[in-house]
Amino acid sequence: MSIEHSLAAFEKAQNLIPGGVNSPVRAFKSVGGIPRFIAQGEGGYLIDIDENRYVDYVQSWGPLIFGHRDESIENAVIEAVKHGLSFGAPTEAENDLAELIISIYDSIEKIRFVSSGTEAVMSAIRLARGFTGRDDIVKFTGCYHGHSDALLVQAGSGAVTFGTPSSPGVPADFTKHTLLAEYNNIESVRACFKDSPGIACVIIEPIAGNMGLVPATKDFLAELRAVCDEYGALLIFDEVMSGFRACLHGAESITGTKPDLVTLGKVIGGGMPVGAFGGRREIMAHLSPEGGVYQAGTLSGNPVAMAAGLASIHKLKTNARVFSVLEARAVRLMSGFAEAAAKHNIGLQTDVRGSMFGFFFSDDSVGNFAEALKSDTARFACFHAAMLDAGFYFACSQFETGFISTATTDMMIEETIAAADKIFGEMQ
C-alpha cells in the first residue's frame with residue numbers, strides 16, 4: 001500500500017500546524033506510522049489521497065451513523081446552504097431540532113445548542129454551579145469531557161484525589177475545585193463528598209468511550225444517583241459520544257438512572273460541528289437570558305448544522321430498528337475478534353453498546369481506567385498498523401471506541417474478522 005502522498009502532506013502540515021494535525025489523536029503518536037490524509041468518504045469507506053480504500057470504523061469519531069455522504073443528510077445540508085450559512089439570529093430549525101430531541105430524551109425538558117461537545121460540557125457545569133451555588137465538581141479518572149481548563153485533570157495513584165492540571169497552561173487554581181473518583185467505584189465517590197462540603201455536580205460518561213469502551217454498571221449509576229440526591233448535587237450524563245449512538249433514548253433508557261443534565265454532540269449534528277446541553281426545566285431556567293448563568297455563542301444553532309441534525313435524528317426516530325441491526329453487527333465483529341484471538345492464544349477483552357464497540361489486548365476484564373492502562377498498547381499498535389495496511393481504519397489509540405454505521409455491511413464485518421484472524425496469527 002503506497003502512502004507517498006499522505007507522507008508528503010504530513011511533512012508539509014508539520015511546518016504549518018503544530019504536530020501537523022488539528023486534534024492530537026490524529027497524529028498517530030500512540031500507534032506510530034503516518035496519518036492518512038483523507039480525500040473523501042463513501043458509505044462505509046474512507047479513501048485517502050493515495051487512493052487507498054479503508055473500511056471505516058471511526059466514522060468521524062461517532063456522528064456518521066448513516067455512513068459518509070448519506071443522501072438525505074447531504075440534501076438537507078445543501079438546501080440549508082442555499083438560504084445562507086449563518087445568521088446570528090433565531091431560526092425555526094432550532095425549534096424543530098429542540099422539539100425532536102426533547103420528544104426522545106425523557107430527562108431533557110429544555111435544551112440549548114452550542115458548537116462542540118467541549119462547549120456543551122463547560123456550559124452544563126457552569127449551569128450546575130450556578131443552580132446549586134457550589135463550586136466543586138466530581139469527575140472520573142479516564143472520562144474525557146473536552147479540553148476546558150477545569151476538566152483537564154489527571155488522577156493520582158489513589159482512588160480519590162484533588163485534581164492537578166494535566167496540561168501546561170492550566171493554572172492549579174482552575175482545577176482545585178475538581179475532585180477525582182474511580183469509575184464504577186461508589187466508595188471513591190462517597191470519599192469525595194466527605195472531603196468537600198460544596199459539590200455542585202458529578203459528571204460521568206455513563207458509557208465511557210475515552211478510555212476505550214467501558215460502560216458504567218447499572219448498580220453503580222443507581223448508587224451514584226442516590227449519593228447525588230443525598231447531598232443535593234446534580235448528576236450530569238456526558239453523552240457527547242454515546243448520545244443517539246448506543247440507543248435512541250439515551251443511557252437513561254439502558255441503565256434506568258435519570259440524570260439532571262445531559263450533554264450531547266457529534267450525532268445530533270449528523271457530521272456538522274454541534275453540541276447541546278439540556279435537562280430539567282427548573283435547572284435550565286437559570287440560564288441567561290431567563291436566568292443569571294451566562295452562556296453565549298454566535299454560531300450556536302447554526303442553520304446548516306441544525307438541518308443536518310434534523311435529517312439524521314428524524315431518520316433514527318422513524319426507524320428505531322436501525323439500532324438493533326447495528327448492534328448485531330457490532331456484536332458479530334467483537335465475537336469474531338474474540339474467537340480469533342482465543343484461537344491464537346491472545347488475551348482480548350471486548351464489549352459492545354449499540355453501534356459502539358471496543359477491545360483491549362488484556363487477559364483481564366476492564367472496568368475502570370487503571371485496568372484499561374494495564375492493556376498491551378504495544379500489541380495494539382502492531383495490530384492497528386497491520387489492519388490499516390490491510391485496508392481497515394480503526395481509531396489510532398487503544399483508549400478510543402469504534403463505531404458501526406448502516407453502511408458497514410455484513411460482508412465488511414466478515415472481511416474485517418478474517419483480516420484480524422490472519423494478523424493475530426502473525427503476531428505470535
Side-chain angles (χ1 to χ4, degrees), residues 22-23 60-63 77 80 84-102 104-105 107-131 137 139 143-152 200-201 203-205 209-210 234 236-245 250-251 259-281 283-313:
N22 284 303
S23 187
S60 190
W61 304 95
V77 168
L85 296 177
S86 180
F87 310 124
T91 66
E92 286 187 307
E94 295 168 75
N95 288 350
D96 294 340
L97 185 55
E99 187 175 44
L100 182 58
I101 293 173
I102 290 168
I104 293 170
Y105 261 73
S107 52
I108 297 178
E109 295 176 346
K110 276 193 172 183
I111 192 169
R112 175 161 288 181
F113 295 109
V114 292
S115 297
S116 71
T118 290
E119 191 182 352
V121 172
M122 177 183 71
S123 303
I125 287 175
R126 181 182 300 160
L127 178 58
R129 283 171 162 156
F131 179 78
I137 65 174
K139 75 174 289 285
C143 284
Y144 177 72
H145 304 291
H147 59 86
S148 61
D149 287 346
L151 293 167
L152 279 181
C201 64
I203 184 165
I204 187 171
E205 289 181 275
N210 290 288
L234 299 186
I236 303 175
F237 274 6
D238 181 349
E239 292 210 69
V240 167
M241 183 179 289
S242 64
F244 293 102
R245 252 297 175 183
D260 299 297
L261 291 170
V262 178
T263 63
L264 297 168
K266 300 181 185 295
V267 181
I268 66 166
M272 294 293 294
V274 69
F277 62 104
R280 298 205 319 264
R281 186 176 297 271
I283 298 173
M284 297 299 290
H286 284 251
L287 199 60
S288 178
E290 195 170 337
V293 178
Y294 193 74
Q295 181 276 328
T298 299
L299 294 177
S300 297
N302 174 272
V304 182
M306 296 295 98
L310 270 167
S312 181
I313 302 304

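In this chain, residues are counted from 1 in sequence order.
The structure places CE of Met122 at 9.0 Å from NE2 of His147, a figure rounded to the nearest 0.5 Å.
No donor-acceptor pair closer than 3.5 Å links the side chain of Glu99 to the backbone N or O of Asp96. Under the 3.5 Å distance criterion, the side-chain polar atoms of Arg126 are left unmatched by any main-chain donor or acceptor of Gln295. A donor-acceptor contact shorter than 3.5 Å is absent between the side chain of Glu94 and the backbone of Met306. No side-chain donor-acceptor contact under 3.5 Å links Ser312 to the backbone of Ala308.
At least one side-chain heavy atom of Met284 sits under 4.5 Å from a side-chain heavy atom of Leu127. Under the 4.5 Å side-chain criterion, counting only non-hydrogen atoms from C-beta, Phe131 is not in contact with Leu261. Using a 4.5 Å cut-off on side-chain heavy atoms (C-beta onward), Phe244 and Ile104 make contact. Counting heavy atoms from C-beta outward, Pro259 and Glu239 have side chains that stay 4.5 Å or more apart.
Using a cut-off of 4.0 Å between Lys/Arg side-chain N and Asp/Glu carboxylate O, Arg112 and Glu290 are scored as not salt-bridged.
The shortest non-hydrogen separation linking Ala128 to Ile236 is CB-CD1, 4.3 Å.
Applying the side chain to side chain contact (heavy atoms under 4.5 Å, CB included) test between Ile111 and each of Ile101, Ile268, Val262 identifies Ile101 as the sole match.
Heavy atoms of other residues, nucleotides or ligands lying less than 6.0 angstrom from CZ of Phe87 number more than 12.
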